[in-house]
Amino acid sequence: MLYIGIDLGTSAVKLLLMDSEGKIVNIVSREYPLYFPHPGWSEQKPEDWYAQTIDGIKELIRDVDKSQVAGISFGGQMHGLVILDKDDNVIRPAILWNDGRTTEETDYLNNVIGKEKLSEYTANIAFAGFTAPKILWVKNKEPENFAKIAKIMLPKDYIAYKLTGVHCTDVSDASGMLLFDVKNRKWSQEMCDICGISVSQLAKCYESYEAVGTVLPEVAEELGIPATCKVAAGAGDNAAAAVGTGTVGDNMCNISLGTSGTIFISSRNFGVDKFNALHSFAHADGSYHLMGCMLSAASCNKWWMDEIIGTKDYAGEQKNIEKLGENHVYFLPYLMGERSPHNNPNARATFIGMTMDTTRADMTQAVLEGVAFALRDSLEVAKSLGIDLKRTKICGGGAKSPLWKKIIANVLNLKVDVIESEEGPAMGGAMLAAVACGEYASVEEIANKVVKIIDTVEPEPELVAKYEARYAQFKEIYPTCKPLFEKLL
């Protein structure tokens, strides 16, 4: 049988076709516009997502036996607010995860409602990108739209609805809304009351590997696939990427170097750090995970290369970097503010330590190291909870750089396992579809079968020691600059 994984990203939808053995048959990508109606705002049209998804599926399965398509599932950009009216029409463009308009609402939740109450209700505190502050923003700034809301959804869930007619979500994606009681895997009535909505306006919540229904007859006819094709709930992009990299079960780790960067730690047990510096979410495998998320990771390097240096030769710029652990230049990677562990939308990117003999290579190295140091910040929080990691998987565009993987292995002092397929959320989505269809008994079973490690980057004790000293200096820069960031607004 064949399974489709849909990775609904910020810039494009990536579609992957996988067979029963976990072999990738085809991959297709379709882009759609991103809108910035005001500085710091970020929106997309859900209708664009669906149009490009359907178009992409047609190309994805064009040359295969369509009768073999048994299941579809998702990984999707998290936290985005999609609101539908009583006729299931989209009320306004979706407000995305990287939208920064909700400063007032986030402050209200954290400081008036209080972080302790939020953590008690949801296991998390408010971040500007989360969904609940966006709902409050619509309530405060667009009351006419708020009054029309019949259903509140997340980005990938809109695609699931269009395919099946079912209003659904999953536990991992719901965890990032600040409306979900993560420990008990159900909607929080208290948070609904705070946001002025009812539980009935939220979608039914499923485990990520559960089927929510089958494709609608008209969808099956348009795509040429069986009407028995199951659609599974899927997962938020980071949880789906974790499935795709085999980061399931207890005490496993995955680092994602995409537009944003994450360190994702799976756990059989529910846990929260006392400062809520890490997100505590439900995992797509039926258990839990902790996650540190930085808003700019591989995008820092892209910005530096494309906009500042003006080159697309990423590998060429890195080949002159040789003296690891000896760089005197530091880079704070906060181009879009920062989430974990600082939770400061006003934080800014900063170079510090340049002298007259600083080279272009030093600056490039500082960007790569700055992202690694920022990931280390979140790892330190996990360590404070007694989590003892020895290794991590890695995925995302930045993981294609051998140098960056070496830097991360030594800054974090972890063995970095490189897997055969770095398709992340799309692969995870296809794997979840296979579990929903009964091809595999559990998410762990398919992960053990499908995910293969092809290389491991080992930390080097001498380099680890050098980076330990550098990290001690790096972690002093943000608290020193923080008061200045507030004045730069």
Side-chain angles (χ1 to χ4, degrees), residues 1-7 16-24 68-76 156 160 168-175 180 182-186 204-214 228-254 256 264-271 280-291 389 391-393 395 417 419-421 423-453:
M1 305 307 287
L2 297 171
Y3 303 96
I4 295 172
I6 299 172
D7 174 15
L16 178 147
L17 189 64
M18 181 191 84
D19 69 14
S20 299
E21 298 299 307
K23 180 180 173 229
I24 297 172
Q68 294 297 297
V69 177
I72 300 171
S73 193
F74 316 88
K156 74 174 190 344
C168 59
T169 191
D170 83 285
V171 293
S172 71
D173 216 357
S175 296
F180 194 67
V182 173
K183 184 178 182 179
N184 297 302
R185 301 172 100 83
K186 65 178 185 177
K204 183 179 177 183
C205 201
Y206 294 80
E207 292 293 336
S208 300
Y209 48 81
E210 286 184 317
V212 303
T214 55
T228 54
C229 177
K230 290 183 178 179
V231 176
D237 51 8
N238 291 298
V243 171
T245 59
T247 310
V248 297
D250 199 39
N251 215 38
M252 301 285 280
C253 183
N254 179 55
S256 174
F264 184 110
I265 302 165
S266 61
S267 175
R268 294 205 195 285
N269 302 313
F270 170 78
S280 179
F281 289 169
H283 192 8
D285 64 356
S287 59
Y288 298 93
H289 72 267
L290 290 170
M291 185 174 72
L389 297 173
R391 63 197 318 134
T392 183
K393 310 270 182 48
C395 68
D417 293 324
I419 58 173
E420 185 176 48
S421 167
E423 300 305 331
M427 186 69 181
M431 291 163 68
L432 291 169
V435 175
C437 292
E439 188 85 49
Y440 293 86
S442 68
V443 177
E444 282 193 64
E445 182 184 309
I446 190 171
N448 291 334
K449 169 76 184 293
V450 167
V451 180
K452 297 176 177 63
I453 296 170

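Quick note: numbers below take in every heavy atom, side chains included, and nothing from hydrogens, waters or symmetry partners.
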Taking the side chain as every heavy atom from C-beta outward, state whether M18 and M427 have any pair of such atoms under 4.5 Å apart.
yes

Would you name the heavy atoms of L290 and G271 that are closest together and state the gap between them?
CD2-O, 3.5 Å

Determine whether M291 and N238 make a side-chain contact, defined as any pair of heavy atoms from C-beta on separated by less than 4.5 Å.
yes

Donor-acceptor pair, distance only, cut-off 3.5 Å: does the side chain of S73 make one with the backbone of A433?
no

Can the ring centroids of H289 and F264 be said to lie less than 6.0 angstrom from one another?
yes

Checking the side chain of H283 only, and the main-chain atoms of G249 only, is there a donor and an acceptor separated by less than 3.5 Å?
no

On the ring face of F270, is R185 found with NZ or CZ under 6.0 Å from the centre and within 45° of the axis?
no

Find out whether V243 and D285 are in side-chain contact, i.e. whether some heavy atom of one side chain is under 4.5 Å from a heavy atom of the other.
no

Could you check whether any side-chain heavy atom of T214 comes within less than 4.5 Å of a side-chain heavy atom of V231, counting everything from C-beta outward?
no

Output the distance between atom OG (S287) and atom CD (E207), rounded to the nearest 0.5 Å.
9.0 Å

Are L2 and I4 packed together at the side-chain level, in the sense that at least one heavy-atom pair is separated by less than 4.5 angstrom?
no

Contact summary for T245 and V451, nearest pair of heavy atoms:
O-CG1, 3.5 Å

For the student: nearest non-hydrogen atoms of I419 and G244, plus distance:
CD1-O, 3.9 Å

With a 4.0 Å cut-off, would you call E444 and R268 a salt bridge?
yes

Sidechain-backbone polar pair: S266 side chain, M252 backbone, donor-acceptor under 3.5 Å
yes

Any carboxylate oxygen within less than 4.0 angstrom of a Lys/Arg side-chain nitrogen, looking at K156 and D170?
yes

Using every non-hydrogen atom in the two residues, find where G286 and Y209 come nearest and quote the distance to one decimal.
N-CE2, 4.0 Å

Spatial distance of atom OG (S256) from atom CG (D237) [nearest 0.5 Å]
8.0 Å

Given 3.5 Å as the limit, does a donor-acceptor pair link the side chain of Y206 with the main chain of T169, or not?
no

CD-SG distance between E210 and C205, expressed to the nearest 0.5 angstrom
9.0 Å

Rounded to the nearest 0.5 Å, the CD atom of E21 sits from the CE atom of M1 at a distance of 13.5 Å

Please find the pair of heavy atoms, one from V248 and one from A242, that lie closest to each other, and give the distance.
CG1-O, 4.4 Å

Are the side chain of S172 and the backbone N or O of A235 linked by a donor-acceptor pair below 3.5 Å?
no

For the pair D417 and K393, find out whether any cationic side-chain nitrogen is under 4.0 Å from an anionic carboxylate oxygen.
no

Other residues, nucleotides, ligands: >12 heavy atoms within 6.0 Å of K452 NZ
yes

Output for pair (Y3 OH, L16 CG), nearest 0.5 Å, gives 14.0 Å

Rounded to the nearest 0.5 angstrom, the CG-CZ distance for N254 and R391 is 13.5 Å

Ignoring hydrogens and angles, tell me if any N or O in the side chain of N184 forms a donor-acceptor pair with the backbone of K186 under 3.5 Å.
no

Looking at Y440 and S20, would you say the former's side chain and the latter's main chain have a donor-acceptor pair under 3.5 Å?
yes

When you compare the side chains of N269 and S267, does any donor N or O come within less than 3.5 Å of an acceptor on the partner?
no

